[in-house]
Visitor: 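My questions will all concern the structure given below.
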Amino acid sequence: MPSPYIPNTDQDRAAMLRDIGAGSIDELFQDVPAQFRDVTFDLPPPLTELELREELYRLSRQNASLDDYACFLGAGYYHHFVPGVIGHITGRSELYTAYTPYQAEASQGILQAIYEYQSLVCQLTGMEISNAGMYDGSSAAAEAALMACRITGKKEVAVLSTVNPVYREVMGTYGSGQDITIHELKPDFEELSGKYACLIVQQPNFLGYFEEVARYARLAHGAGVLFIAIFDPISLGLFQPPGSYGADIAVAEGQPLGNPVSFGGPGLGIFTCRKEHLRQMPGRIVGRTTDVEGQPGYVLTAATREQHIRRERATSNICTNEALVALAATVYLAAMGRSGLRRVAELCYHKAHYAAKAISKLKRYSLTSDQSFFKEFVVRCPTPPGKIIRLLLEEKIIGGLDVSHLVANGMLLCVTEMNSRQEIDHLVTVLEAL
Amino acid sequence: MPSPYIPNTDQDRAAMLRDIGAGSIDELFQDVPAQFRDVTFDLPPPLTELELREELYRLSRQNASLDDYACFLGAGYYHHFVPGVIGHITGRSELYTAYTPYQAEASQGILQAIYEYQSLVCQLTGMEISNAGMYDGSSAAAEAALMACRITGKKEVAVLSTVNPVYREVMGTYGSGQDITIHELKPDFEELSGKYACLIVQQPNFLGYFEEVARYARLAHGAGVLFIAIFDPISLGLFQPPGSYGADIAVAEGQPLGNPVSFGGPGLGIFTCRKEHLRQMPGRIVGRTTDVEGQPGYVLTAATREQHIRRERATSNICTNEALVALAATVYLAAMGRSGLRRVAELCYHKAHYAAKAISKLKRYSLTSDQSFFKEFVVRCPTPPGKIIRLLLEEKIIGGLDVSHLVANGMLLCVTEMNSRQEIDHLVTVLEAL
Amino acid sequence: MNKSKHYLLPDISQPGKIGCRLPELDVPAVELPPRELLRQELALPEVSETELVRYFTSLSRRNYGVDTGFYPLGSCTMKYNPKWHENIARFPGFQEIHPCQPVDTVPGALQLMYELQELLAEITGMNAASLAPMAGAQGELAGLLMVKAYHRSRGENRRRKILVPDSAHGTNPATATMCGFEVNTIPSNGDGNLDLVSLTRLMNEDIAALTLTMPTTLGLFDPQIAEISNIVHEKGGLLIGDGANLNSLLGKVKFGDLGFDCVQLNLHKTFSTPHGGGGPGAGPVCVKSNLADFLPSPVVSKDKREYQFAKPSASIGRLGAAYGNFGVMVKAYAYIRSLGAEGLKEVSENAVLNANYIKEKLKPYYHLPYDRTCLHEVVFSGNKQKAKGVTTLDIAKRILDYGFHPPTIYFPQVVEEAIMIEPTETESKETLDAFIKAMIEIAGEVDKEPELLHNAPHSTPVRRLDEVNAARKPNLRWKMR
Amino acid sequence: MNKSKHYLLPDISQPGKIGCRLPELDVPAVELPPRELLRQELALPEVSETELVRYFTSLSRRNYGVDTGFYPLGSCTMKYNPKWHENIARFPGFQEIHPCQPVDTVPGALQLMYELQELLAEITGMNAASLAPMAGAQGELAGLLMVKAYHRSRGENRRRKILVPDSAHGTNPATATMCGFEVNTIPSNGDGNLDLVSLTRLMNEDIAALTLTMPTTLGLFDPQIAEISNIVHEKGGLLIGDGANLNSLLGKVKFGDLGFDCVQLNLHKTFSTPHGGGGPGAGPVCVKSNLADFLPSPVVSKDKREYQFAKPSASIGRLGAAYGNFGVMVKAYAYIRSLGAEGLKEVSENAVLNANYIKEKLKPYYHLPYDRTCLHEVVFSGNKQKAKGVTTLDIAKRILDYGFHPPTIYFPQVVEEAIMIEPTETESKETLDAFIKAMIEIAGEVDKEPELLHNAPHSTPVRRLDEVNAARKPNLRWKMR
Ligand SMILES: Cc1ncc(COP(=O)(O)O)c(C=O)c1O
Ligand SMILES: Cc1ncc(COP(=O)(O)O)c(C=O)c1O
């Protein structure tokens with residue numbers, strides 16, 4: 001049976017072969033040495049749309065979805081509210097079926113949206129410039145480290161031990177190619193060596209607590225070291241943005257801005273820095289210009305940094321990024337606006353504190369720190385958290401992250417605007433009863 | 001908090017009131033006598049999108065959806081395959097947020113789509129003309145009866161007793177206003193009185209079996225009676241269309257053409273007839289024409305039949321119809337095409353017969369007729385079907401329709417391309433075990 | 001960017017293409033029925049999914065919707081529709097349920113319908129409701145069939161006439177005829193209100209009901225409503241409301257208080273379900289107790305915590321094969337729940353404010369036949385311009401060139417060269433100002449460059465279309481074999 | 001119809017508007033943290049949902065996608081993407097799952113990933129795969145980091161160079177640099193193949209690997225592949241494939257058979273997940289056994305019927321914070337399952353047929369530097385036209401006026417004034433014919449009306465944009481307070 005995705009008919013193929021002057025399609029593969037040709041492929045038989053739908057629906061139903069569970073899991077990916085309007089806009093097929101906007105005149109929609117994205121991200125972070133986005137938060141952090149090494153000509157990177165360990169691992173991977181070493185610093189250092197290209201701090205940190213970023217910025221700058229901040233974009237609705245506490249480069253996972261958790265991908269690497277570093281920035285950048293008639297328009301710009309122009313001297317190899325996720329973030333920031341984003345952050349803050357307080361009052365549970373936090377915090381459990389997490393599942397609750405390797409019997413809990421009081425109370429009741 | 005759906009701000013409102021010269025919005029309601037103004041409304045408090053989503057998701061999950069159950073229920077609404085492409089096209093907001101295309105130059109998309117719809121429906125039915133659609137199959141049938149009365153100047157309508165009883169009820173409602181009486185005829189009559197405006201036959205009939213439509217057409221036309229056919233559009237992939245067996249008017253429920261069952265609404269009333277009856281047809285009609293530059297274009301036409309021009313002398317009061325459902329049907333027919341629609345009909349036919357045969361072999365079950373059928377048939381159950389239907393539910397099967405008021409212990413089963421062999425076998429096994 | 005030649009499906013059809021593949025038969029095939037039942041040929045287009053999507057996408061790009069821009073089509077309440085409600089209506093638990101499933105497998109659906117009945121009754125100040133009607137006009141049909149059944153039940157068979165104001169929507173008289181009534185038209189007076197003298201004269205024991213649109217199709221609230229209700233009821237008639245314009249009274253005024261016995265609502269207008277290019281809609285009817293037993297079937301009733309479909313004792317019967325347009329009900333329900341009482345009031349207040357703003361701003365440029373406070377819409381006349389040789393049709397077409405959808409024109413028929421503008425509450429002052437500016441510029445063009453208007457539109461995918469020829473030589477379909 | 005003034009979000013922002021309402025706090029509020037942690041101001045635009053939707057809808061209408069029309073952007077494989085796969089990726093069971101959930105609560109997700117690994121390994125003829133890379137370039141990064149780790153594990157630390165053909169995509173050399181390698185470029189020969197003489201000369205024990213795109217970015221299959229593999233492997237080097245052009249070999253030829261040790265795939269090209277205007281993509285790496293232990297982490301392993309995430313014993317580590325772009329994997333998996341082996345073969349055959357058809361038809365009009373059978377794409381040169389004062393850029397812009405997206409231009413750099421056309425298999429002969437006709441007309445215009453090309457495009461929402469000034473005076477954002 002013909003394929004709905006291949007419109008040529010047998011007649012078409014015959015006519016085209018005739019015009020080409022080839023006897024068969026196989027002839028067109030003549031450059032492939034015979035021994036490599038037409039080998040067998042052991043693949044499952046094709047499925048029609050009807051069959052595929054049933055099979056994949058069944059597969060998807062094996063997963064416990066956050067639609068049906070209360071979720072107190074964060075640790076880098078967050079279950080925030082995604083306004084319904086976003087899917088309608090990212091679902092506009094002129095946008096999602098387009099390529100990277102190389103031909104500006106045919107791509108003003110996407111280009112202008114990226115310009116909005118860059119602007120909104122700058123407004124949000126207080127940073128001077130933003131690129132069009134990287135793969136995810138961790139690879140953006142890794143690229144930031146590489147960029148700091150390029151700028152400073154150094155090869156050592158200092159990362160606070162309170163940074164998400166997975167991020168540190170990704171930096172390690174990225175750094176390994178150029179023999180860049182990643183040093184883990186405990187938070188309480190009082191002086192910083194000038195050998196480092198940069199100091200990387202996460203705010204709030206992996207365990208949810210606020211760092212003394214101003215102090216770190218001072219220490220870094222005092223030592224001629226660039227200061228890189230990894231931030232939670234939602235927290236910026238309420239808390240100091242990296243631009244105001246001295247970050248030279250600031251990166252983040254942009255998923256919380258209007259995107260589902262999606263098993264951790266696609267995400268969005270937000271990447272911002274100070275203007276002076278533009279030429280060292282990785283990734284795509286859109287600029288505003290005018291057409292021959294003087295109308296405003298948008299183009300990809302500063303491309304001499306990029307692989308397709310600069311090849312082995314490019315600032316990064318990144319090519320395809322996460323444009324559609326960035327579009328969702330753009331719509332999210334516009335939909336929320338000044339007051340909405342603040343409200344989201346407030347809801348997270350107060351609900352998380354409500355939960356923390358209630359749990360800390362339980363006999364066998366306690367908080368492991370009295371530092372300020374935003375929406376995540378660590379609870380010390382009476383038994384290994386792994387066991388508790390299992391039991392919570394039976395109550396249709398996805399519990400926190402087991403961080404007992406970092407904090408004895410520690411479970412990292414996250415509370416967002418998606419958690420109703422009822423859910424939180426239920427969690428507390430269940431924890432108590434376990 | 002401001003509403004996302006009301007963009008005016010307080011300042012806007014103040015400025016506008018100033019320009020209007022009104023002191024308050026209340027002043028604008030001055031024509032409403034004071035005693036009627038600002039009464040209280042006892043409604044539940046407003047919900048934000050987040051809250052609404054949770055509440056309605058919970059409500060929806062209380063319903064047993066066909067995604068999670070095997071469905072053998074038909075009886076006028078059918079669980080056929082809806083190609084995924086349809087939702088993407090009906091989801092184009094230029095189409096679904098538009099009104100009826102009164103301003104043709106701004107509505108060429110919808111107008112052209114309706115022209116395609118009318119054409120495809122004519123091709124499918126073998127009828128000469130089609131309107132742009134009615135509310136549903138039953139109201140289309142009722143309007144067909146009224147139209148027959150207008151054409152013939154008579155007030156009595158003959159309906160075969162094998163027509164869907166609900167359709168007969170709707171005809172009764174529509175007829176009651178004009179004192180039109182609906183007569184129920186048993187299928188075996190040999191002669192037809194000329195007093196009837198029309199004879200209405202359903203093919204295949206309510207119980208799934210084929211009627212001798214040619215004989216009925218002969219009898220009707222011989223008596224100067226119009227012949228109206230109610231058909232199943234999917235059956236036309238394989239079986240004779242109404243245009244070929246002499247229907248003067250042919251109507252159908254169009255839901256099976258690419259639309260979910262949706263608890264029975266929205267549906268689509270397909271309405272076709274012979275060209276000579278154009279001026280008596282109810283509903284919107286689109287025609288092809290040209291613009292001042294000679295380019296082809298489409299407009300609403302033959303509007304002098306309609307309520308907004310003809311008022312009390314209109315052929316019907318219908319105004320809003322089911323345009324978006326008709327669009328889905330259009331895409332469906334185009335996506336399926338010649339071979340696809342035939343395939344759907346074949347799958348239904350063979351699977352239904354496979355199921356019927358297997359059930360008829362069970363000790364305590366039998367078929368109640370040996371007439372030819374398409375995808376529906378009646379099974380005589382050993383106990384009242386209501387009980388069996390309950391028990392099937394426990395096996396995640398939505399059984400057939402209880403028709404024991406028509407056929408003793410009869411259950412009307414429907415099998416479509418959505419029922420896999422496995423599902424059918426499961427049904428048979430469960431029935432046997434009950 | 002889209003320099004596309006005109007084509008239709010048969011033009012891109014080619015034997016052997018397919019837009020959707022179907023599974024192989026997984027059971028043994030059986031013999032087909034006798035040949036005379038089988039169809040010989042089925043000439044449908046054959047296109048691939050790629051071509052299908054491109055074709056319909058390009059059609060969509062030749063269409064104007066609310067999401068494209070301002071759509072002030074009077075009487076149609078073209079408001080912005082919350083996007084998320086579209087998703088809700090597509091939840092499998094709402095969309096993938098069969099109307100004949102045992103009711104206890106769909107309690108969520110019945111609860112939603114029951115609560116929507118209650119909400120609509122509360123909003124209109126009536127006692128009962130049925131969601132069965134599938135559009136406004138079918139709601140009107142239900143209303144007048146109830147009127148008929150009501151009078152019959154009281155032995156008053158002589159009431160064979162319906163009074164209909166001259167400004168009424170075409171569906172009102174058309175419905176009366178469908179119900180076997182004779183239509184008597186009542187004129188409007190100089191203020192745009194119902195002429196009470198005529199009403200008093202015409203109202204007698206032959207009259208079954210007066211159908212009244214409130215606010216009227218002139219966008220006006222008739223302040224005589226209490227008298228009207230009295231006059232009609234005193235003679236034993238019923239007052240039937242056309243509630244299509246409820247958007248301006250939402251959360252402010254109750255139909256029940258005004259004396260109406262029955263009113264149909266257009267969920268696809270007031271309750272913000274998109275129009276779909278002409279449907280689906282929904283036209284629930286809300287009634288006072290006197291008509292409750294006659295409501296169309298089914299209604300949803302509640303007994304303890306169980307919901308059931310029920311047929312009112314003297315029901316006029318069914319209007320469709322199922323329960324009405326459930327998919328539309330879901331969106332309307334979502335809308336009401338998202339707004340609450342306060343939100344509904346904001347809707348009507350802003351709708352009315354917007355209409356009055358346009359009225360004041362355009363009054364110096366276009367003739368305003370009824371110079372008084374309006375509600376949700378304002379009706380101008382193009383008379384001034386007509387005198388200069390430019391028709392309302394020309395103006396409407398010219399508006400297209402400014403990037404707006406034109407208002408409703410030539411309706412209501414009581415206003416010559418009518419231009420009926422309904423901005424709705426979902427439009428911002430900025431949008432209104434841009435529209436007002438365009439309308440003023442157009443008024444200027446009438447004097448300076450009338451040809452610009454005669455030849456408008458200039459910027460649409462097609463130019464002005466020949467409707468006369470379309471009607472004279474109907475081309476209603478293509479043919480292919 | 002859309003005569004719209006240019007505006008940005010701040011232009012439609014007004015204090016007090018909101019695009020999405022949020023719930024009230026349902027728990028007691030607590031004290032906020034110290035003031036120095038709090039932000040003073042947050043200057044984001046404020047717009048209503050109506051305005052938001054209109055704005056972005058209008059942006060979409062100023063954009064060209066595959067669903068709008070033919071998009072023959074060479075090297076990018078802009079094929080039509082099955083619509084239903086979009087829906088599958090949005091199933092809550094795929095989209096609403098958290099990467100840190102206990103793995104036994106997401107067995108369906110792990111099974112899908114595991115099977116996709118297996119399917120990709122089979123399709124490429126390799127032994128193992130990791131889905132971690134989030135785009136093609138990151139897959140390349142994974143490949144060269146594995147090369148580095150591999151040689152290190154064997155103590156061959158001196159291999160610090162990568163050979164890269166001059167026709168290679170920019171990501172190839174850029175990746176080599178990111179991995180700390182030095183890049184040595186190998187020229188192409190007169191046939192567009194790799195110059196074997198140079199390869200032999202440059203290949204030595206300092207070379208870690210040759211990265212080879214196959215088919216090449218010239219759209220050609222290099223028939224010397226067996227020799228190339230031998231030369232590289234004999235000196236202990238690895239052969240690393242850039243599999244971005246796999247679309248032409250799907251179901252026909254296996255990378256593993258050709259001698260490759262590693263290849264990255266671009267799921268967003270070959271496996272039909274839409275490009276999203278520049279992502280997300282996915283760039284899985286498939287490797288022979290020699291590299292399997294080095295694969296980026298995590299991979300999914302299967303033990304009896306249990307799936308687990310695993311870290312290969314000598315893994316280069318993680319490339320991202322989770323498991324790669326799962327949402328993209330779902331669509332690619334759906335695509336492979338819907339096509340099967342036979343379907344994949346039809347894809348490549350038709351892709352190649354379409355490219356050769358265009359090649360033959362346009363050869364008389366545009367210079368064809370390598371006049372031989374091509375695979376998925378054909379590279380012309382605009383040299384002839386350049387001689388007449390019309391550049392490839394002019395031609396590309398003129399193509400826009402004919403309603404098509406232009407091909408890739410000025411790449412690969414080995415061809416002067418390159419015009420790189422990749423039609424893909426999802427285009428019909430009718431579409432190709434229309435494009436060919438346009439290209440021929442444009443060739444005619446070069447002679448007759450070169451100004452038409454210099455000033456092109458004429459019909460796009462904006463005319464030709466000033467890129468030089470954009471780069472010189474970067475305006476990269478708006479500001480608002
Ligand atoms: C005042 C009025 N009444 C009745 C109707 C008819 O409603 P529907 O189109 O839903 O049948 C309309 C619709 O245009 C209307 O504006
Ligand atoms: C040949 C080739 N290699 C590599 C890449 C890079 O892939 P990605 O854009 O997914 O990073 C591309 C993409 O344009 C390509 O065409």
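Naming: A, B, ... by sequence-line order, numbering from 1 per chain.
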Visitor: Pair Tyr354(A), His350(A) - check ring-ring contact (aromatic ring centres under 6.0 Å, His included), show working.
Guide: CA-CA 6 Å; Tyr354(A) 172 78; His350(A) 293 295; over 10 Å; no
Visitor: Do the side chains of Tyr115(A) and Leu120(A) get nearer than 4.5 Å, heavy atoms only?
Guide: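 With C-beta onward as the side chain, the pair stays apart.
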Visitor: Among Ile114(B), Ile110(B), Leu95(B), which residue meets the side chain to side chain contact (heavy atoms under 4.5 Å, CB included) test with Leu327(B)?
Guide: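 The passing option is Leu95(B).
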Visitor: By a 4.5 Å heavy-atom criterion (distance strictly below it), what part of Glu51(A) contacts chain B: side chain, backbone, both, or neither?
Guide: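 Contact with chain B involves no heavy atom of Glu51(A) at all.
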Visitor: Classify the ring geometry of Phe239(A) against Phe374(A): parallel below 30°, tilted from 30° to 60°, perpendicular beyond 60°.
Guide: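 Ring orientation of Phe239(A) relative to Phe374(A): perpendicular.
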Visitor: Applying salt bridge (Lys or Arg N to Asp or Glu O under 4.0 Å), run through Glu49(A) and Arg53(A) and close with a yes or a no.
Guide: CA-CA 6 Å; Glu49(A) 190 181 315; Arg53(A) 185 184 302 197; 2.9 Å; yes
Visitor: May I ask you to decide if Asp12(A)'s main-chain N or O and Thr9(A)'s side chain share a donor-acceptor pair within less than 3.5 Å?
Guide: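 Yes, the answer is positive, given that a donor and an acceptor are paired below the 3.5 Å cut-off.
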Visitor: Any idea which of Glu54(A), Met418(A), Arg61(A) has the most non-hydrogen atom pairs under 4.5 angstrom with chain B?
Guide: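 So the answer, after comparing Glu54(A), Met418(A), Arg61(A), is Arg61(A).
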Visitor: With sequence neighbours left out, write down each residue that passes side-chain hydrogen bond (donor to acceptor under 3.5 Å, both in side chains) with Gln255(B), or none if nothing qualifies.
Guide: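 With sequence neighbours excluded, Gln255(B) shows a side-chain hydrogen bond (donor to acceptor under 3.5 Å, both in side chains) to no residue whatsoever.
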Visitor: Sorted by first residue and then second, give each salt bridge (Lys or Arg N to Asp or Glu O under 4.0 Å) pair with at least one member in residues 88-100 of chain B; sequence neighbours left out.
Guide: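 Checked against salt bridge (Lys or Arg N to Asp or Glu O under 4.0 Å) - neighbours excluded - the pairs reaching residues 88-100 of chain B are Arg92(A)-Glu94(B), Glu94(A)-Arg92(B), Arg92(B)-Glu94(B), Glu94(B)-Arg61(D).
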Visitor: Pick one of side chain, backbone, both or neither for Ser420(B), based on which atoms fall under 4.5 Å of a heavy atom in chain A.
Guide: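 Contact with chain A: none, neither part.
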Visitor: Under the side-chain hydrogen bond (donor to acceptor under 3.5 Å, both in side chains) test against Lys375(B), which residue among Thr416(B), Asp232(B), Asn419(B) passes?
Guide: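 Between Lys375(B) and the candidates, side-chain hydrogen bond (donor to acceptor under 3.5 Å, both in side chains) is satisfied uniquely by Asp232(B).
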Visitor: Return the CD to CG distance between Glu423(A) and Leu427(A), rounded to the nearest 0.5 Å.
Guide: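 Between Glu423(A) CD and Leu427(A) CG, I get 9.5 Å after rounding to 0.5 Å.
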Visitor: Sort by residue number and list every member of residues 74-84 of chain A having a non-hydrogen atom under 4.5 Å from chain B.
Guide: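 Within residues 74-84 of chain A, the residues that come under 4.5 Å of chain B (heavy atoms only) are Phe81(A), Val82(A), Pro83(A), Gly84(A).
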Visitor: Could you grab the distance from atom CG of Leu124(A) to atom CG of Leu236(A), nearest 0.5 Å is fine?
Guide: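 Between Leu124(A) CG and Leu236(A) CG, I get 4.5 Å after rounding to 0.5 Å.
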Visitor: Sub-4.5 Å heavy-atom contacts with chain A: which residues of residues 328-337 of chain B show up?
Guide: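 So no residue qualifies.
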